[in-house]
Amino acid sequence: MGAEVCRAVQKASGLELVAAVDVGDPHEEAEKADVIVDFTHPDAVMGNLKWCIDHGKHAVVGTTGFTDERLDQLRGWLSEKPEVGILIASNFSIGAVLMMHFAKQAARYYPSVEIIELHHTQKADAPSGTADTTAGMIAEAREKAALGEVPDATTIDPDGARGAVVDGIHVHSVRLQGLIAHQEVLFGQDGETLTIRHDSMNRASYMPGVIMGVENVAEHPGLTLGIEALLGLA
Ligand SMILES: NC(=O)C1=CN([C@@H]2O[C@H](COP(=O)(O)OP(=O)(O)OC[C@H]3O[C@@H](n4cnc5c(N)ncnc54)[C@H](OP(=O)(O)O)[C@@H]3O)[C@@H](O)[C@H]2O)C=CC1
Ligand SMILES: O=C(O)C1=N[C@H](C(=O)O)C[C@H](O)C1
């Protein structure tokens, strides 16, 4: 993703690539940047963001693995530098953002729901950040609609075949050679199902969202989660 972001910034009019920092590289060159883009690793991203906030740099972050505790820690750091904008999105692909938005809209109509996310085999984390975000959005919509718990419990599942449960929603993570990044959200009620699917076929699919983030993050001080507002969806 880092290499793809460098190419996209170099191609974008009005933007200039001033540094590309790999693990262990000194940060001096990055000090010249107005905006830092982070696609690294869940173990590295908090340290990188502390550096950004301390140095007054806006940041656009695609790295996954954020928890409520991490977000609270960021809000604490940002309270010392209220002019800094940090945009974190678990998925910068416009289609994936729409998939999550449509899933949120559908959620209140269906008692049954499960998420299947499918990724390349080099992915460090499971479930994906996108599946985690989607589960949270569906859970919130279900709560607003007073839907209660998903009713489809299994009584015998010694090997966890029904997947992880994230915010009350079953999530299944597939890792398979040949895949890039894909997600299905399956809804069901008596006599019908609705499947909402998104496929990223390459890393370029994230770049319009990343560039939009770079161009806009300075105008949104504080912590922003997701690019829905930039797309007029929030
Ligand atoms: N939000 C979105 O739309 C998307 C998010 N992602 C997320 O982005 C992250 C990166 O994904 P991907 O590019 O596939 O992963 P890769 O493992 O291919 O790349 C991560 C790179 O970051 C480097 N790195 C690790 N720590 C640091 C550090 N402290 N400073 C600078 N560089 C560092 C790694 O170096 P080394 O190999 O030497 O460890 C590696 O080159 C993941 O969390 C993934 O889930 C991915 C795609 C889209
Ligand atoms: O690691 C990836 O590849 C991806 N990570 C993000 C995630 O965890 O949701 C976004 C996309 O799925 C690709």
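All values reported here derive from a predicted model rather than from experimental measurement. For reference, positions follow the sequence shown, starting with 1. Basis for what follows: all heavy atoms, side chains included, without hydrogens, waters or symmetry-related copies. Read the numbers this way: they start at 1 and go in the same order the structure lists the ligands and their atoms.
Note on ligand 1: Lys123 sits in its first shell, one or more heavy atoms being nearer than 4.0 Å. Residue-ligand proximity: Gln122 is placed with every non-hydrogen atom at 4.0 Å or more from ligand 1.
Side-chain N or O atoms of His119 include none that pairs as donor or acceptor with a backbone N or O of Ala181 at under 3.5 Å. A donor-acceptor contact shorter than 3.5 Å links the side chain of His170 to the backbone of Arg162. Using modelled atom types, no side-chain atom of Thr154 and backbone atom of Asp157 make a donor-acceptor pair closer than 3.5 Å. A donor-acceptor pair under 3.5 Å links the side-chain atoms of Glu117 to the main chain of Ser128, judged by distance alone. Between the Asp25 side chain and the Asp22 main chain, a donor and an acceptor come within less than 3.5 Å of each other.
Listed by atom number, the atoms of ligand 1 under 4.0 Å from Val21 heavy atoms are 31 (C), 32 (N). Applying the 4.0 Å criterion to heavy atoms of Met1 picks out, from ligand 1, the atoms 13 (O), 46 (C), 47 (C), 48 (C). Taking a cut-off of under 4.0 Å to the non-hydrogen atoms of Asp22, the atoms of ligand 1 that pass are 23 (C), 31 (C), 32 (N), 35 (O), 41 (O). Remark: ligand 1 atoms within the under-4.0 Å shell around heavy atoms of Asn91 are 1 (N), 2 (C), 3 (O).
Aromatic pair Phe92/Tyr206: centroids not less than 6.0 angstrom apart.
At least one N or O atom of Ala89, backbone or side chain, sits closer than 3.5 Å to an N or O atom of ligand 1. Some N or O of Val23 is nearer than 3.5 Å to an N or O of ligand 1, by distance alone. For the pair Phe92 and ligand 1, the shortest N or O to N or O distance falls below 3.5 Å. The N/O atoms of Ser90, backbone and side chain alike, include one that comes under 3.5 Å of an N/O atom in ligand 1. In terms of polar-atom proximity, Arg203 is counted as a contact of ligand 1, with an N or O under 3.5 Å from an N or O of the ligand. In terms of polar-atom proximity, His41 is not counted as a contact of ligand 1, lacking any N or O under 3.5 Å from an N or O of the ligand.
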- Step-by-step side-chain hydrogen bond (donor to acceptor under 3.5 Å, both in side chains) determination, Thr121 to Gln177: CA-CA 6 Å; Thr121 54; Gln177 290 182 22; 5.3 Å; no
- Evaluate side-chain hydrogen bond (donor to acceptor under 3.5 Å, both in side chains) for Thr63 paired with His41, printing each intermediate quantity in order. CA-CA 6 Å; Thr63 307; His41 189 280; over 6 Å; no
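Near ligand 2, residues Thr64, Ser90, Asn91, His119, His120, Lys123, Ser128, Gly129, Thr130, Ala181, Arg203, Tyr206 each place a heavy atom inside the 4.0 Å sphere around the ligand atoms.
Considering only non-hydrogen protein atoms, atom 43 (O) of ligand 1 sits nearest to Thr64 OG1, 2.9 Å. The nearest heavy-atom contact from the protein to atom 8 (O) of ligand 1 is Phe39 CD2, 3.4 Å.
Closest to atom 10 (C) of ligand 1 by heavy atom, among Asn48, Thr63, Thr40, Val97, is Thr40. Among Gly226, Ala44, Pro42, Gly62, the residue whose heavy atom lies nearest to atom 26 (N) of ligand 1 is Ala44.
Per-atom contact check: atom 45 (O) of ligand 1 touches the protein, criterion being a heavy-atom distance below 4.0 Å. Atom 19 (O) of ligand 1 is not flagged as protein-proximal [any protein heavy atom, distance under 4.0 Å]. When distances from atom 41 (O) of ligand 1 to the protein are checked, a heavy atom turns up under 4.0 Å.
Residues satisfying the side-chain hydrogen bond (donor to acceptor under 3.5 Å, both in side chains) test with Asn216, not counting sequence neighbours, are none. Residues forming a side-chain hydrogen bond (donor to acceptor under 3.5 Å, both in side chains) with Lys123 (at least two apart in sequence, or on another chain): Asp125. Not counting sequence neighbours, Arg70 has no partner by the side-chain hydrogen bond (donor to acceptor under 3.5 Å, both in side chains) test.
With a 4.0 Å heavy-atom cut-off, ligand 1 is reached by no atom of Ala124.
Residue Val61 is not grouped with residue Val97 when hydrophobic side chains (ILVMFWY) are merged at heavy-atom distances under 4.5 angstrom, including chains of intermediate members. Hydrophobic clustering (side-chain heavy atoms under 4.5 Å, transitive across Ile, Leu, Val, Met, Phe, Trp, Tyr) groups Leu98 together with Ile227. Under the 4.5 Å side-chain contact rule for hydrophobic residues, Tyr109 and Ile169 share a cluster.
With values rounded to the nearest 0.5 angstrom, Arg75 atom CZ is found 5.5 Å from Leu71 atom CG.
Crowding of Glu83 atom CD: a count of heavy atoms from other residues, nucleotides or ligands under 6.0 Å exceeding 12.
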